[in-house]
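Indexing begins at 1, ligand by ligand and atom by atom, following the structure's order.
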Amino acid sequence: MSLFWRIFALNAVVLGTATALLLWAPVTVSVPVLLTEAVILVGGLAVMLIANAALLRIGLAPLGRLTRLMTTVDLLRPGQRLPERGRGETAELISGFNAMLERLEHERAASSARALLAQEDERRRIAQELHDEVGQSMTAILLVLKRAADEAEEPLRAELQQAQEITRESLDEVRRLVRRLRPGVLEDLGLVSALTSLTTEFATHTGLRVIRRFDSDLPALDPETELVLYRVAQEALTNAARHAEAGKVEMSLRHTGDTVVLSVTDDGRGTGVAREGAGIRGMRERALLVGAVLDITSEPRAGTQVRLAVPVPSDPGKQS
Ligand SMILES: Nc1ncnc2c1ncn2[C@@H]1O[C@H](COP(=O)(O)OP(=O)(O)O)[C@@H](O)[C@H]1O
Ligand SMILES: [Mg+2]
């Protein structure tokens, strides 16, 4: 039944009942009204209003659910849908809304995929230029300084050596930057090596204790999935160092059935009610890119866990 007729029928039933009572039941209203009659009339009105309110609430509940979902829906957490029950325009509205969500989720996934790919391309280009241009020039400077220092007399020699030291540190910084921008190890040696070197560098840089648990039977993943896992791990570690006030961080990579699960757990203060920033939104977008599910769970003062479950094709060796 359409919403219009449902509300009309509700009111018709309530008003009809009241009229029938006035017509056939032994109800009289004197002028001036008697106290008992007034009590009965007010009681009847109250019953009518309550019945009307209850029926309207039931009738309009689906619209309330729709409004709530409309105001809270987040395209980065796909799959939120309303149950499509019954017929009439409310049901049509809900199924139309569900279809719209489906379409928007696809478009969102496609547009963030484009943005992320462009971003990775740009990072690769910057890393390449830093490595080829800045890195080479600094290496040349280093050689010149070394030659000059070898030939110079004190105190100039000490100063040249100091310049050499500073240049060497800057060169290290450039190399670190290049590695962060373009995880070359990932392409050359694979995910586990890349995550191992990422955590090692993280531990030396931040002084946090890092525990690694990587399964040995990890399936081969495509480069895009590996990059998503790597970038999520990178952001989770950065967050643990920057916000968690943690003592140790545990990173694991597990293969169970048809998923590979990356988890980064710290023992810090928990995220609390902090709003998701660009970092966490970025992790969600990357998860969407490969159809993975990202969960961030956090206990106050007991740490935060970032968990990324990536679907992988099931092992052909184990199929019949
Ligand atoms: N491991 C963590 N421990 C405690 N708080 C965290 C952790 N990760 C994220 N947060 C909180 O969530 C917020 C959003 O994180 P994020 O989206 O990465 O943005 P950003 O790191 O740029 O602040 C952070 O500002 C922080 O308050
Ligand atoms: Mg962050």
Side-chain angles (χ1 to χ4, degrees), residues 72-80 105 108-109 111-120 122-124 126-127 173 176-183 186 191 194-214 225-254 260-310:
T72 59
V73 74
D74 180 358
L75 293 178
L76 289 182
R77 297 166 206 246
Q80 293 167 280
E105 279 172 7
R108 173 68 203 243
S111 68
S112 47
R114 273 197 302 278
L116 286 174
L117 291 179
Q119 191 190 59
E120 288 295 343
E122 188 66 7
R123 284 185 181 181
R124 201 166 297 135
I126 295 173
E173 188 54 48
R176 244 196 316 275
L177 209 61
V178 168
R179 272 203 300 282
R180 261 209 306 269
L181 285 169
R182 186 197 55 174
L186 191 58
L191 183 63
L195 289 181
T196 306
S197 91
L198 179 70
T199 42
T200 308
E201 190 168 306
F202 174 81
T204 41
H205 217 75
T206 61
L208 289 176
R209 201 151 68 84
V210 182
I211 301 167
R212 285 187 292 256
R213 294 179 210 281
F214 298 151
T225 309
E226 291 200 329
L227 191 57
V228 168
L229 283 161
Y230 184 85
R231 292 291 187 211
V232 169
Q234 206 174 16
E235 173 63 25
L237 286 180
T238 307
N239 277 351
R242 201 187 281 167
H243 310 293
E245 296 158 17
K248 75 167 195 277
V249 182
E250 193 176 318
M251 179 183 288
S252 75
L253 198 57
R254 293 254 145 85
V260 165
V261 179
L262 167 81
S263 121
V264 179
T265 312
D266 65 57
D267 62 351
R269 60 178 176 82
T271 54
V273 290
R275 286 174 63 113
E276 299 192 348
I280 294 178
R281 310 285 293 170
M283 291 201 257
R284 291 198 188 287
E285 287 184 336
R286 287 177 194 280
L288 276 185
L289 194 62
V290 292
V293 179
L294 182 89
D295 282 311
I296 299 175
T297 45
S298 155
E299 297 275 330
R301 286 181 296 284
T304 305
Q305 183 187 37
V306 176
R307 187 177 179 280
L308 180 74
V310 186

Here the gap from Leu288 atom CG to Leu294 atom CG, rounded to the nearest 0.5 Å, amounts to 9.5 Å
Should the proximity of Ala274 to ligand 1, defined as any heavy atom under 4.0 Å, be assigned to the side chain, the backbone, both, or neither?
-> side chain
Is a salt bridge present between Glu285 and Arg108, judged by a nitrogen-to-oxygen distance below 4.0 Å?
-> yes
Would you check if the side chain of Glu105 reaches a backbone N or O of Gly79 as a donor-acceptor pair within less than 3.5 Å?
-> yes
Which residue holds the protein heavy atom closest to atom 26 (C) of ligand 1, what is that atom called, and what is the gap in Å?
-> His243 CG, 3.5 Å
Between atom CG of Leu181 and atom CD of Gln119, what is the distance when rounded to the nearest 0.5 Å?
-> 10.0 Å
Look at atom 1 (N) of ligand 1 and find which of Asp266, Asn239, Thr271 reaches it with the closest heavy atom.
-> Asp266
Is ligand 1 under 4.0 Å from a heavy atom in the side chain of Arg281, in the backbone, in both, or in neither?
-> neither
Could you list the atoms of ligand 1 found under 4.0 angstrom from a heavy atom of Arg242?
-> 21 (O), 22 (O)
Taking both backbone and side-chain atoms of Arg269, is any N or O found less than 3.5 Å from an N or O belonging to ligand 1?
-> no
Glu235: heavy atom below 4.0 Å from ligand 1, yes or no?
-> yes
Distance (rounded to the nearest 0.5 Å) between Leu253 CG and Leu191 CG | 5.5 Å
Going by distance alone, is a donor N or O of one side chain under 3.5 Å from an acceptor N or O of the other, for Thr199 and Arg212?
-> yes
Examine all N, O or S atoms of Thr238, backbone included, and report whether one is under 2.8 Å from the Mg ion (ligand 2).
-> no
Taking the side chain as every heavy atom from C-beta outward, state whether Tyr230 and Glu226 have any atom pair closer than 4.5 Å.
-> no
SB check Arg281 Asp74 (cutoff 4.0 Å) | yes
Which N/O/S atom belongs to Glu235 and is the closest one to the Mg ion (ligand 2)?
-> OE2
Thinking salt bridges, do Glu201 and Arg179 make one under a 4.0 Å N-O criterion?
-> yes
To atom 4 (C) of ligand 1, the nearest of Ala236, Gly268, Gly270, Ser298 on a heavy-atom basis is Gly270
What protein heavy atom sits nearest atom 19 (O) of ligand 1, and how far off is it?
-> Gly277 CA, 3.7 Å
Against heavy atoms of Arg275, which atoms of ligand 1 measure under 4.0 Å?
-> 13 (C), 14 (C)
Any atoms of ligand 1 less than 4.0 Å from a non-hydrogen atom of Thr304? List them with their elements.
-> 1 (N), 2 (C), 3 (N)
When only distance counts, is Ile280 in polar contact with ligand 1, meaning an N/O pair under 3.5 Å?
-> yes
